[in-house]
Amino acid sequence: MAFPIFSYNFSSYRGGEATSSVTPISNSKMRHKKSIFQSAHSNNTQNGQINTEIRNPVQSGGYCNHFFQPIQANYYTIPPIEFSEYAFKSSEFGEEIFTSVQNTATLLSDSSLAYYKTPTTITLPPPSKRKTLLLDMDKTILHVKSSRAGGGSELVYEKRPFLHEFMDTIVHYYEVILFTSGSLPYATEVLSGLRSEGISFDRICTRENCSGMDGSKFKVLVKESDTLKSRDKANLVILDDSPHVWPRDMWNVMPIKPFITGQDDWLRIALNFLVLISGYQDVREPLQRVCGLGALQQYYLRECSSKHSQQSTTYKRK
């Protein structure tokens, strides 16, 4: 993940957008950070499980106070979220996470970028005290192997392990809006199957609520949180296996490994992290401290801007 490679100075939010400075870290410093990170991991793990008592920032004093700073939430102090199980699990993300974020920066910096499809916006009821979770469907909570809407003879899907426990718990902390780029008939068919198993959502967004962006290199269907009216981005978390489909919402994205089949514990780990950050006044702060996709995208945007500037200068010299 971006965490061991970039240093974040998460300073403020202006006009609803997070601002931060991103500084590349030298290889020697990166190795130092990794060694501290791995040391913290080994010291905070017993039989493969995170020890919540040791995670307390006061008890873990030494390296914790030297490197990580605890954050004051609304009513209580939360241990440094860098020590969460999700932070350690995120080390499984490979180079594809960097490539996908770099592609979003390339898309947004394209001077010819234009919308070829505008989304159908959704006006939600006034927000409750709960945060809002935009939850992707395909390869995030399940994998569809066959559907009538997709030309198959019947609906066949495999749920990600721990999905029932995830949904039973998360609704106490977040309003859950399913956001898929699939068509409405396809989503309706899958959701009908999930409802028969006792799984439902507060609201559903489909391809009709997605935007279409067209540039010189990319023509993509993207998801945007602005489709939802009356929701503050400070209270919004996006859980998706494809971060690149949220080019304008990278500060709010919490990536998850794609699911096809088999056993994994990603939803259990994601649930624990989502519950942990629900106590923050602005969820973008812990998301950047662990995921860092918004700051990483900002870094790539600066790179793109620098390249365009150099190309422009070279052209003028000729």
Side-chain angles (χ1 to χ4, degrees), residues 92-94 96-97 99-100 103 115-122 124 132-171 174-214 218-225 227-228 237-247 249 253-271 274:
E92 293 184 12
F93 290 115
E96 68 272 7
I97 199 80
T99 302
S100 65
N103 286 341
Y115 283 98
Y116 71 86
K117 177 186 180 298
T118 55
T120 301
T121 59
I122 294 177
L124 298 171
T132 299
L133 175 65
L134 300 186
L135 184 63
D136 177 49
M137 184 171 74
D138 290 301
K139 297 184 181 179
T140 295
I141 62 171
L142 54 79
H143 176 58
V144 177
K145 300 178 180 180
S146 173
S147 70
R148 288 181 288 274
S153 58
E154 61 178 343
L155 174 66
V156 180
Y157 62 85
E158 182 175 350
K159 301 190 303 296
R160 194 167 202 154
F162 207 73
L163 177 59
H164 283 277
E165 294 83 352
F166 178 90
M167 291 302 303
D168 287 345
T169 304
I170 201 66
V171 293
Y174 295 82
E175 64 168 339
V176 183
I177 300 175
L178 193 73
F179 206 133
T180 175
S181 57
S183 66
L184 180 59
Y186 168 73
T188 301
E189 182 183 359
V190 176
L191 291 172
S192 177
L194 290 176
R195 282 195 204 96
S196 68
E197 299 186 56
I199 297 175
S200 59
F201 306 89
D202 291 287
R203 191 68 189 246
I204 305 163
C205 295
T206 62
R207 183 174 298 166
E208 289 70 20
N209 308 114
C210 294
S211 305
M213 288 185 173
D214 192 4
F218 299 97
K219 184 174 183 178
V220 293
L221 197 66
V222 300
K223 304 174 184 177
E224 296 183 295
S225 66
T227 302
L228 310 172
V237 182
I238 298 165
L239 185 63
D240 202 315
D241 71 289
S242 301
H244 63 274
V245 302
W246 299 92
D249 295 286
V253 174
M254 176 182 167
I256 189 171
K257 289 280 283 188
F259 171 74
I260 302 296
T261 187
Q263 296 295 317
D264 71 28
D265 58 354
W266 270 97
L267 280 184
R268 178 186 63 79
I269 293 171
L271 173 63
L274 285 166

Go through the steps for I170 and L135 under the test side chain to side chain contact (heavy atoms under 4.5 Å, CB included), then give the verdict. CA-CA 11 Å; I170 201 66; L135 184 63; over 6 Å; no
Over all heavy atoms of both residues, which pair between [X] and [Y] is shortest? Give the atoms and the distance, please.
X	Y	value
V220	V222	CG2-CG1, 3.5 Å
L274	Y174	O-OH, 2.6 Å
C210	K117	O-NZ, 2.7 Å
T180	A187	CG2-CB, 4.0 Å
P243	V253	CB-CG1, 3.9 Å

In Å and rounded to the nearest 0.5 Å, what is the [atom1] to [atom2] distance from [X] to [Y]?
X	Y	atom1	atom2	value
L142	M137	CG	CE	6.0 Å
K145	Y157	NZ	OH	12.0 Å
L178	F201	CG	CZ	4.5 Å
F162	L271	CZ	CG	5.5 Å
F179	T206	CZ	OG1	8.5 Å
F166	I269	CZ	CD1	12.5 Å

Are [X] and [Y] packed together at the side-chain level, in the sense that at least one heavy-atom pair is separated by less than 4.5 angstrom?
X	Y	answer
E175	R203	no
I141	K159	no
D136	S242	no
L267	F259	no
L124	I177	yes
L221	Y116	yes
M213	Y115	yes
V245	S181	no

Under the rule for salt bridge (charged side-chain N to carboxylate O under 4.0 Å, His left out), what residues qualify as partners of K257, not counting sequence neighbours? none
Hey, mind stepping through I256 and R160 against side chain to side chain contact (heavy atoms under 4.5 Å, CB included) and telling me if it holds? CA-CA 12 Å; I256 189 171; R160 194 167 202 154; 3.7 Å; yes
Could you give me the CA-CA distance, side-chain angles and deciding distance for I238 and K223, then say whether side chain to side chain contact (heavy atoms under 4.5 Å, CB included) is met? CA-CA 10 Å; I238 298 165; K223 304 174 184 177; over 6 Å; no
Would you please classify the geometry between the F93 ring and the W266 ring as parallel, tilted or perpendicular, with 30° and 60° separating the classes?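 W266 and F93: tilted rings.
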Show, in sequence, the C-alpha distance, side-chain angles and deciding distance for E224 and D249, and conclude whether the side chain to side chain contact (heavy atoms under 4.5 Å, CB included) test is met. CA-CA 7 Å; E224 296 183 295; D249 295 286; 4.2 Å; yes
Using 4.0 Å as the upper bound for N to carboxylate O, is an ion pair formed by R268 and E165?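 Result for this pair is no, no salt bridge flagged.
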So, T227 and N209: side-chain donor and acceptor under 3.5 Å apart, yes or no? no
So E158 and T261, side chain to side chain donor-acceptor pair (under 3.5 Å) or not? Walk me through it. CA-CA 7 Å; E158 182 175 350; T261 187; 2.7 Å; yes
Closer than 3.5 angstrom, by distance alone: can the side chain of T140 be matched with the main-chain N or O of D240 as a donor-acceptor pair?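 Between the backbone of D240 and the side chain of T140 there is no qualifying donor-acceptor contact (under 3.5 Å).
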